[in-house]
Engineer: 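Dropping a structure here in structure tokens format, bear with me for questions.
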Amino acid sequence: MPIQVLMPALSPTMEKGNLAKWLKKEGETIKSGDVIAEIETDKATMEVEATDEGTLGKILIPEGTADVAVNTPIATILADGESADDLAKATAPAAQKAAESAPPGAAKAEAPAPKAAPAPQAVAEPDPEVPAGTEMITQTIREALRDAMAEEMRRDADVFVMGEEVAEYQGAYKVTQGLLQEFGAKRVIDTPITEHGFAGVGVGAAMTGLKPIVEFMTFNFAMQAIDQIINSAAKTLYMSGGQMGCSIVFRGPNGAAARVAAQHSQDYSAWYSNVPGLKVVAPFSAADYKGLLKAAIRDPNPVIFLENEVLYGHTGEVPKLDDFIIPIGKARIVRTGSHVTIVSWSNGMTYALKAADELAKEGIEAEVIDLRTLRPMDTETIINSVKKTGRAVTVEEGWAQSGVGAEIAARIMEHAFDYLDAPVARVSGKDVPMPYAANLEKLALPSVAEVVEAAKAVCYR
């Protein structure tokens, strides 16, 4: 039966791309691994490899077509003995046979990753910041972020957004979609690809009383701007004796995404949370993304708002309130338990919540804490939980050495040592730069199994 070749996804957040060129013609013989087409996004041109052998029976999407949605059939491959008469019988390939883009010379392509599952919610405890009976709406995290910025821009004319592709392109991850149309080019500003430059412009604007939201396409690129962030934004209030503030938000994706290699995958949570003068936020749920971003925009201090690219498409319930704010510096217990405390934040909560489900099957009830804010850290919530459970596990995608988990472990030792029944365990990313290969990337990140193993170890199970 003929097999359809589908438009591949280059990343978890890709929704469409351009079919730039066909490298094979109808009627040509195709072998598994042959490059048959090139596709483009705003960031890269990649190749599509065939995973089936046969003849290119029909090209369904002509070259030069823009905005082809992911998983759209783009061609049909005929097996040996099949003819054009069989094209009507074509079916979409099984997941393991779907075409996937790969760099030149790559091994046989793998199937595009399925859409990420929604963030775990079934075990979440009621949020104390949300009044009982509040109507909830379902939103993706990118929508929650967009609404938070739009609401604050309507509320305060001093708030504006700047960064690469935030205006005309509607945001590299579509987080700023619609803002240019509503607020105009004076308040939604496309910048050149020069992080040191536009971060400095933002800091200067904040020092004069404006309230910039500076978007980095990834916090890996904020390395170019780290002098502006730390030496200018973070230290000026202290160095000026309180005379000169800097109300600014630096936001964008932080940490691993999917197959973007070491220079686009580093987790900077520990870097920024080390610096006095900065507040550092790293939410997990859609409601927290919205409520904390609104709080960050209103804060008179510089705030580092660490998002996660993998989570942008995840959905969650967001309170339908006129002005929903979550205070910076307050953790949330999302699952109660009595045997072990698991502390995480951002995408680390994915592992923590799934591990708690697995542990419950073995009679271990884990209390899961979402830190939400890394600086200032809600030490009180952590300590009170550890005093109850006597055990603790930290989960982070960043590296272990000098990591946020190490700081949590130190605070537990300082404030709850006599309550511990086992040493604090840490689950983290492996001590290597992030590999490009999908199988190695998976090994470099934490896993649910590792969290389960750590929790069972501290419970002596």
Side-chain angles (χ1 to χ4, degrees), residues 119-121 123-125 127 129 141 144-145 219 250-257 265-275 278-293 295-296 303-312 314 316 326-335 341-356 366-383 385-386 392-400 402-412 424-429 445-446 448 450-451 454-455:
Q121 297 172 26
V123 296
E125 295 295 312
D127 193 329
E129 275 80 35
I141 283 173
L145 287 167
F219 264 93
F250 298 100
R251 52 155 297 269
N254 169 68
S265 300
Q266 187 166 332
D267 184 344
Y268 290 90
S269 301
W271 283 47
Y272 290 111
S273 63
N274 178 253
V275 181
L278 293 178
K279 294 186 178 181
V280 183
V281 179
F284 171 64
S285 71
D288 288 349
Y289 267 94
K290 182 177 183 180
L292 283 165
L293 182 55
V303 179
I304 304 294
F305 199 91
L306 301 174
E307 301 161 12
N308 187 278
E309 181 181 341
V310 174
L311 295 179
Y312 280 143
H314 285 208
I326 292 177
I328 292 174
K330 182 63 179 173
R332 180 187 172 206
I333 298 174
V334 298
R335 176 173 180 147
T341 299
I342 302 177
V343 186
S344 193
W345 57 94
S346 188
N347 198 39
M349 286 294 297
T350 303
Y351 312 109
L353 287 169
K354 290 180 179 179
E367 182 149 292
V368 182
I369 297 176
D370 182 358
L371 273 186
R372 304 196 291 193
T373 302
L374 305 182
R375 185 181 186 103
M377 186 180 291
D378 186 357
T379 306
E380 182 180 4
T381 295
I382 299 170
I383 298 306
S385 177
V386 172
V393 175
T394 68
V395 183
E396 62 187 313
E397 289 193 330
W399 296 311
S402 307
V404 179
E407 176 65 23
I408 296 169
R411 295 192 187 196
I412 292 172
V424 178
R426 292 185 291 158
V427 177
S428 67
L445 289 167
V448 173
E450 289 171 345
V451 180

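When reading the values below, keep in mind they use all heavy atoms of this one structure, side chains included, and skip hydrogens, waters and symmetry mates.
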Engineer: Is any side-chain heavy atom of Ile382 closer than 4.5 Å to one of Leu371?
Structural biologist: yes
Engineer: Working to the nearest 0.5 angstrom, can you tell me the gap between Ser265 OG and Glu309 CD?
Structural biologist: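 Nearest 0.5 Å value for the OG-CD distance: 9.0 Å.
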Engineer: Going through the distances and angles, do Val343 and Val395 end up as a side chain to side chain contact (heavy atoms under 4.5 Å, CB included)?
Structural biologist: CA-CA 6 Å; Val343 186; Val395 183; over 6 Å; no
Engineer: Taking all non-hydrogen atoms of both residues, which atom of Ala256 and which atom of Asn308 are closest, and how far apart?
Structural biologist: O-ND2, 4.0 Å
Engineer: For residues Ala454 and Ala425, report the shortest heavy-atom separation together with the two atoms involved.
Structural biologist: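 Taking Ala454 first and Ala425 second, the nearest heavy atoms are CB-CB, 4.1 Å.
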Engineer: Under a 4.0 Å threshold between the charged nitrogen and the carboxylate oxygen, would Asp370 count as salt-bridged to Arg332?
Structural biologist: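 Answer for the salt bridge query: no.
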Engineer: Quick one: CE on Met349 to CG on Leu311, what's the gap to the nearest 0.5 Å?
Structural biologist: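 If I round to the nearest 0.5 Å, the distance is 11.0 Å.
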Engineer: Supply the atom-to-atom distance Leu145 CG to Arg251 CZ, rounded to the nearest 0.5 angstrom.
Structural biologist: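 Between atom CG of Leu145 and atom CZ of Arg251 there are 6.0 Å.
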Engineer: If the condition is ring pair (Phe, Tyr, Trp, His ring centres under 6.0 Å), which residues does Tyr351 pass it with, not counting sequence neighbours?
Structural biologist: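 For Tyr351 there are no ring pair (Phe, Tyr, Trp, His ring centres under 6.0 Å) partners, ignoring immediate neighbours.
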Engineer: Classify the side-chain pair Thr379/Arg411 by whether it contains a donor and acceptor separated by less than 3.5 Å.
Structural biologist: yes
Engineer: Mind checking what makes ring pair (Phe, Tyr, Trp, His ring centres under 6.0 Å) contact with Trp271, not counting sequence neighbours?
Structural biologist: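 Per chain and number, Trp271 pairs via ring pair (Phe, Tyr, Trp, His ring centres under 6.0 Å) with Tyr268.
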Engineer: Please confirm whether the backbone N or O of Gly329 pairs with a side-chain atom of Thr373, one donor and one acceptor, at under 3.5 Å?
Structural biologist: yes
Engineer: Could you check Val281 against Leu374 for side chain to side chain contact (heavy atoms under 4.5 Å, CB included), going step by step and ending with a plain yes or no?
Structural biologist: CA-CA 6 Å; Val281 179; Leu374 305 182; over 6 Å; no
Engineer: Do the side chain of Ser346 and the main chain of Phe284 share a donor and acceptor less than 3.5 angstrom apart?
Structural biologist: no
Engineer: Quick one: are Lys279 and Pro376 in side-chain contact, heavy atoms under 4.5 Å?
Structural biologist: yes
Engineer: Indicate the atoms forming the closest heavy-atom contact of Ala257 with Val310, along with that distance.
Structural biologist: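 Where Ala257 meets Val310 most closely, the heavy atoms are O-CG2, 3.6 Å.
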Engineer: Is Ser273 close to Val404 at the side-chain level, that is, under 4.5 Å between some pair of heavy atoms?
Structural biologist: yes
Engineer: Centre-to-centre under 6.0 Å for Phe219 and Phe250, is that the case here?
Structural biologist: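 Not under 6.0 Å, so no.
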Engineer: Does Arg372 use its side chain to pair, donor to acceptor, with the backbone of Lys330 at less than 3.5 Å?
Structural biologist: yes
Engineer: Is there a donor-acceptor contact under 3.5 Å linking the side chains of Glu307 and Tyr312?
Structural biologist: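 There is such a pair between these side chains.
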Engineer: Does the side chain of Ile408 come within less than 4.5 Å of Met377's, by heavy atoms?
Structural biologist: yes
Engineer: For residues Ala352 and Ile342, report the shortest heavy-atom separation together with the two atoms involved.
Structural biologist: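 Closest approach of Ala352 to Ile342, heavy atoms only: CB-CG2, 3.7 Å.
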Engineer: Rounded at 0.5 Å granularity, tell me how far CG in Leu293 sits from CZ in Phe305.
Structural biologist: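 Between Leu293 CG and Phe305 CZ, I get 4.5 Å after rounding to 0.5 Å.
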Engineer: Give me the atom names and distance for the closest heavy-atom approach of Val275 to Arg375.
Structural biologist: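 Closest pair (atom of Val275, atom of Arg375, distance): O-NE, 3.2 Å.
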Engineer: Just by distance, do the side chain of Thr381 and the backbone of Asp378 share a donor-acceptor pair under 3.5 Å?
Structural biologist: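 Flag not set: sc Thr381 to bb Asp378 has no pair under 3.5 Å.
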Engineer: Does any N or O in the side chain of Glu396 come within less than 3.5 Å of the main-chain N or O of Gly405, such that one atom is a donor and the other an acceptor?
Structural biologist: yes
Engineer: Are any of the side-chain heavy atoms of Val393 and Val424 separated by less than 4.5 Å?
Structural biologist: no
Engineer: Under 4.0 Å between a side-chain nitrogen and a carboxylate oxygen: does that hold for Glu367 and Arg335?
Structural biologist: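 Salt bridge flag = no for Arg335 with Glu367.
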Engineer: Looking at Asn254 and Leu306, would you say the former's side chain and the latter's main chain have a donor-acceptor pair under 3.5 Å?
Structural biologist: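 Such a contact is absent between Asn254 side chain and Leu306 backbone.
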Engineer: Is the shortest heavy-atom distance from the side chain of Leu278 to the side chain of Val303 under 4.5 Å?
Structural biologist: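 Sidechains of Val303 and Leu278: no contact.
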Engineer: Could you give the distance from CD1 (Ile326) to OG (Ser285), rounded to the nearest 0.5 Å?
Structural biologist: 6.5 Å
Engineer: Could you pull out the closest heavy-atom pair between Ser385 and Ile369, with the gap in Å?
Structural biologist: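 Scanning both residues completely, I find the closest heavy atoms to be CB-CD1, 3.7 Å.
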